[in-house]
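Remarks on the structure that follows.
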Amino acid sequence: MRIRRILGLALAAATLAGVSAVGAVSAGAASSPNISRDDCTAAGGQIVSPAYDGEFCALPDGTTQAIT
């Protein structure tokens, strides 16, 4: 019975580690590439300039991308 519990905990830890690794890879793949000012306005976005943080494109779907 004790071996089952240990194996169950090991399986749960491995599953959790696998899920977080997949999440990190997905988040990296989903990060937005840079966009130009012309592409931003063509996509219906607005150029936003927060203080001391460069320029960003705020797209209508709620995402932001750095402007190159």
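All values below come from the heavy atoms of this structure, side chains included, with hydrogens, waters and symmetry mates left out.
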>> What I want to check is whether the side chains of Ser36 and Asp38 have a donor and an acceptor closer together than 3.5 Å.
In response: no
> Which distance, rounded to the nearest 0.5 Å, do you find between the CD1 of Ile35 and the OG1 of Thr68?
Replying inline: 8.5 Å
Can you list, pair by pair, the side-chain donor-acceptor contacts under 3.5 Å of residues 42-60, counting residues two or more places apart and other chains?
from, atom 1, to, atom 2, distance (Å)
Glu55, OE1, Arg37, NH1, 2.7
Glu55, OE2, Arg37, NH1, 2.9

